[in-house]
Amino acid sequence: MATMASSLLNTVSSSIRLSNSNSNRCRTLPMATPISLSRSRRRLTIRATETDANEVKAKAPEKAPAATGSGFNQILGIKGAKQETNIWKIRVQLTKPVTWPPLIWGVVCGAAASGNFQWTVEDVAKSIVCMMMSGPFLTGYTQTINDWYDRDIDAINEPYRPIPSGAISEQEVITQVWVLLLGGLGLAGILDVWAGHDFPIMFYLALGGSFISYIYSAPPLKLKQNGWLGNFALGASYISLPWWAGQALFGTLTPDIIVLTLLYSTAGLGIAIVNDFKSVEGDRKMGLQSLPVAFGEETAKWICVGAIDITQLSIAGYLLGAGKPYYALALLGLIAPQVFFQFKYFLKDPVKYDVKYQASAQPFLILGLLVTALATSH
């Protein structure tokens, strides 16, 4: 529940970057079929436009990864990746495993918020299946389809990525999209049966998340063209959707939780902005109104940190007002190091230090999510 970016969230450990710190803005779980994909088997070398061909070719060498690129980075789907010819490694790269942990963590938070999770073999097994649905399958699906629809931008920003470089064919991309989508929806249906739901809420959450992710990346709506709508959709995909899935699996999804998690998704909007700075050049050329393009990089930096910090402070105030002062204080304690790393890294240079910032600050944000989930369960 994701086909969100790019970015919640890099995440449980400092070695993992959110949402692809260097992916193309991770997304949620879309549903519809990429109608415009051609089914030929030819390999592609995709350029931004015919008129930009010379410009793209001229920039490719200076942007290409070093010959000694990291195989670990390649598997995670982040920059600095080794150029790979093994089709299965390329397939994994397209799913951007670095973006899975925030979705997996969201399921943990939802299960905790339900108040009904027990450390039994059955409940652990259910949660693992839910994590597989949210992470490798549906997030992998949305990341693949996002790379497809971002291929023209990548031809400018990162021409060495698998699709614009021609390392994977159109037919192979189409196959991957369908296998991951249908697999994720199938797991959602299995979870509904397993949990004994009268209404297939897991299936509809997966389907809805998939649809949001699809319209995020694909024309004609292409929400990512609008910095506010696109980034909020991305934030909701990484915070709200997996939380809802975990809570619905083990308990009841209530209106107050829906509102609370959607509010928390404003912090996800801020995190998504972090990933926009590295794509400013391509976004301008393709007409995408990301916030750094629309407001300028200096203003966008403050919008980003403001969305992250003010949202969490608001949640702490809500917990305090709800008579849960210890949880509120714990959340405030987790906000402080995030502010420190914002000034230490992000506000100095959001492009140069994006990875360091996300790896340093976002573990505290996701721990704050768990604190909030535990508070709502009591």
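The first residue of the sequence shown is numbered 1, and numbering continues consecutively from there. If you're wondering where the values come from, they're calculated on a predicted model, not measured in any experiment.
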Does the ring center of Y357 lie less than 6.0 Å from the ring center of Y345? no
What residues form a salt bridge (Lys or Arg N to Asp or Glu O under 4.0 Å) with K324, not counting sequence neighbours? none
Please check if the side chain of S127 supplies one atom and the backbone of V124 the other of a donor-acceptor pair under 3.5 Å. yes
Quick one: do E281 and R284 satisfy salt bridge (Lys or Arg N to Asp or Glu O under 4.0 Å)? Show the steps, please. CA-CA 5 Å; E281 179 187 352; R284 280 202 186 101; over 6 Å; no
F250 meets the ring pair (Phe, Tyr, Trp, His ring centres under 6.0 Å) criterion, sequence neighbours left out, with F117
Just by distance, with hydrogens left out, do D309 and Q342 show a side-chain donor and acceptor under 3.5 Å apart? yes
If we count only N and O atoms by modelled type, under 3.5 Å, do the side chains of Q338 and Q312 hold a donor and an acceptor together? yes
Among T144, D147, T139, the one residue meeting side chain to side chain donor-acceptor pair (under 3.5 Å) with K96: D147
Could you verify whether a donor N or O on one side chain and an acceptor N or O on the other, from S217 and N146, lie under 3.5 Å apart? yes
Give a yes or no on whether the ring-centroid distance for F277 and F346 is below 6.0 angstrom. yes
Check whether the side chains of W194 and E122 place a donor and an acceptor atom closer than 3.5 Å, and report yes or no. yes
Donor-acceptor pairs under 3.5 angstrom involving side-chain atoms of residues 108-115: please list them, not counting sequence neighbours.
residue	atom	partner	partner atom	Å
S114	OG	A111	O	2.6
S114	OG	N116	N	3.1

Is a donor from one side chain sitting under 3.5 angstrom from an acceptor on the other, for T175 and E172? no
Lys/Arg N to Asp/Glu carboxylate O, D150 vs K224, below 4.0 Å: yes
